[in-house]
Asker: 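For reference, the structure I am asking about is given below.
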Amino acid sequence: MSALLGALALRAGGGEDRTFRINKNLNTFNTIMRELDLFYVDTLDYDKLTRNAIDYMLHNLDPYTVYMPEENSDDIDMMTKGEYGGIGSIIMKNGDNVCISEPYEGMPAQVAGLKAGDIILEVDGKSTKGKTVSDVSAMLRGTPSTKIHLKVKRPGEKRPIEKTFLREKIQMHPIAYYTVLADSTGYVLLSDFTDKAARELKAAVNDMVAQHGITSLVIDLRNNGGGLIDEAVKILGFFVPKGTEVVTTRGKDRQAERTYMTPTEPAFPHMKLAILVNRASASASEILAGAVQDLDRGIVVGERTFGKGLVQNIRPVGYGGYLKVTTAKYYIPSGRCIQAIDYSHRNDDGSVGRVPDSLTSVFHTRAGRPVRDGGGITPDTLTTEERTMNVAYYILMQNHYFNFATDYVLTHPTIAPAGEFTLSDADFEAFTRYLLDRDFTYTTQTEDYFDDLLEVAKYEGLDKQAAAEIDALKAKLVPDIEQNIRDNRQDITDLLSIEILKRYYYQKGEIIYSMRDDHDLDVALSLLHDEEQYRKMLLPPTP
């Protein structure tokens with residue numbers, strides 16, 4: 001009895017100590033704010049001071065715990081519902097201007113006739129000169145059904161163009177594209193897990209079953225950063241028995257502990273599955289891919305995923321603001337947590353690193369296949385391709401594909417369908433001349449590192465004795481622009497073709513073109529069509 005009373009006293013004491021420390025620090029913060037108000041030499045922006053303090057405090061926790069003030073409350077609807085009030089277009093900085101980058105097909109900007117490359121001069125009579133992309137974005141957003149008036153400068157037109165139309169509730173569809181591929185296999189590109197993801201995926205698969213009798217399905221989760229856990233659970237429920245455990249969340253507070261189970265009988269219980277992932281597949285994407293793997297319900301193809309095993313909730317904090325706070329970690333059916341970074345243990349410089357493979361643990365799928373925790377989902381078939389940052393990347397960063405495509409449409413009223421379009425030799429030569437005429441150049445990261453090396457060599461007195469070698473190396477590092485363009489023709493052609501196709505066929509044009517030479521997709525299709533190999537991959541290794 002005395003031991004029990006002692007334990008309760010310690011627990012109570014710990015709670016009182018925590019409350020005291022919270023109150024002590026809040027009182028200290030309030031006192032400092034008042035002292036600054038009374039005695040600091042210059043006028044203070046109290047909102048900015050407080051926001052900076054909050055942001056720095058949260059920054060030292062993890063990158064997903066953030067404060068969203070009232071003016072950013074639209075972001076919550078975008079995260080959870082995939083919707084906001086606006087014109088339905090991506091905008092970007094191009095030189096000194098903010099311009100239309102991608103108008104979404106069927107949304108107000110595109111319906112009103114705005115085009116990629118249009119420079120936004122005014123929004124409702126207010127100039128955009130000197131404004132950032134965030135500033136102009138805020139000017140474009142607003143309550144649905146309210147009128148908006150834009151003045152834009154269109155390349156090729158002498159006078160500004162004015163457009164007046166209504167903002168709408170812009171809803172981004174989580175199913176970016178779906179189609180039927182060879183041998184009765186469906187393909188669905190799921191871009192996020194907003195509140196309509198499961199419903200739209202089911203409708204897409206039902207359509208392909210009804211129209212084409214598909215028996216296999218590829219779900220593409222590449223570059224899908226996640227979203228609502230419930231939607232991932234519902235989607236898995238289309239393929240596994242009702243009541244199957246999908247994911248468990250565990251946190252400091254008991255309210256954060258929850259086990260998610262599939263809520264319905266499966267709509268497609270016998271459909272063969274392949275899930276495509278890459279290093280940008282995170283959160284709910286990893287729940288779905290990891291659960292499919294742990295339950296031996298399908299194969300996972302692609303790159304090792306991001307490794308985000310943290311769960312966030314959105315909580316109101318007064319004055320219209322919200323706190324998106326990490327409340328738990330999630331654990332998929334095998335029992336593993338796939339969080340890659342331990343933010344609670346930082347290095348002396350504040351940095352964090354991935355959990356090394358040597359410290360991860362082995363778990364097992366339902367059939368007994370070994371899988372590991374601590375660093376994302378490792379696909380059943382790894383298709384990692386070597387990435388190089390060549391001249392094609394630097395052309396992209398300087399907006400040359402974008403600007404060339406803007407000029408291209410002025411002289412090409414129509415082009416071939418997205419599945420057939422091919423950039424001609426003449427078009428590639430025209431683009432090469434375009435770059436050279438504008439004195440396109442770039443500095444590689446290797447050159448930057450070389451300059452740092454040279455500074456160290458000078459400091460240590462080694463630059464003179466190695467002068468000949470240093471000069472020879474420097475000469476090799478300076479890029480031959482025209483030769484580099486021709487050496488990397490395929491990468492440049494792909495990026496330029498995608499930018500051109502978006503002007504005619506919008507986002508679907510990019511997707512269709514990219515699928516023409518998609519190594520991950522080809523691997524998935526090959527495995528789905530090889531019944532013996534597909535089944536073999538879902539069995540544990542033989543001793």
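Bear in mind that the values here come from a model prediction, so they are computed numbers and not experimental data. Below, each value reflects all heavy atoms present in this structure, side chains not excepted, and no hydrogens, waters or symmetry copies.
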Asker: Distance alone, cut at 3.5 Å: any donor-acceptor contact between the side chains of T326 and D62?
Answerer: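 Result is yes, a qualifying pair exists.
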Asker: If we count only N and O atoms by modelled type, under 3.5 Å, do the side chains of T215 and S184 hold a donor and an acceptor together?
Answerer: no
Asker: Is there side-chain contact between S285 and V277, with heavy atoms separated by less than 4.5 Å?
Answerer: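 Side chain of S285 against side chain of V277, heavy atoms only: no contact under 4.5 Å found.
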Asker: Of all the heavy-atom pairs spanning T378 and Q293, show the shortest one and how long it is.
Answerer: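 T378 and Q293 have their closest heavy atoms at O-NE2, 3.0 Å.
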Asker: Would you kindly check if the NZ (Lys) or CZ (Arg) of R279 is within the cone defined by 45 degrees around the ring axis of F306 and under 6.0 Å from the six-membered ring centre?
Answerer: no
Asker: Counting N and O atoms only, with roles assigned by atom type, does the side chain of T185 sit under 3.5 Å from a partner on the main chain of L181, one being a donor and the other an acceptor?
Answerer: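 It does not hold such a pair.
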Asker: Treating T305 as the side-chain partner and A282 as the backbone partner, does any N or O pair qualify as donor plus acceptor under 3.5 Å?
Answerer: no
Asker: Does the pair K502/E105 count as a salt bridge with the N-to-O cut at 4.0 Å?
Answerer: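 Salt bridge flag = no for E105 with K502.
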Asker: Would you please test M537 and L527 for side-chain contact (heavy atoms from CB on, under 4.5 Å) and show each step?
Answerer: CA-CA 9 Å; M537 292 186 67; L527 292 170; 3.7 Å; yes
Asker: Is R503 positioned over the aromatic face of F402, cation under 6.0 angstrom from the ring centre and no more than 45 degrees off axis?
Answerer: yes
Asker: Does any donor atom in the side chain of N94 or N403 lie under 3.5 Å from an acceptor atom in the other side chain?
Answerer: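 Side chains of N94 and N403: pair found under 3.5 Å.
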Asker: Side chains of Y506 and Q110: do they bring a donor and an acceptor to under 3.5 Å?
Answerer: yes
Asker: Do K324 and Y64 form a cation-pi contact, if we require the NZ or CZ to be under 6.0 Å from the six-membered ring centre and within 45 degrees of the ring's axis?
Answerer: no
Asker: Check this for me: does any side-chain nitrogen of one of R222 and D520 sit under 4.0 Å from a carboxylate oxygen of the other?
Answerer: yes
Asker: Is NZ or CZ of R51 both nearer than 6.0 Å to the six-membered ring centre of Y67 and within 45° of the ring axis?
Answerer: no
Asker: Return yes if a side-chain donor-acceptor contact under 3.5 Å exists between Y178 and D207, otherwise no.
Answerer: yes
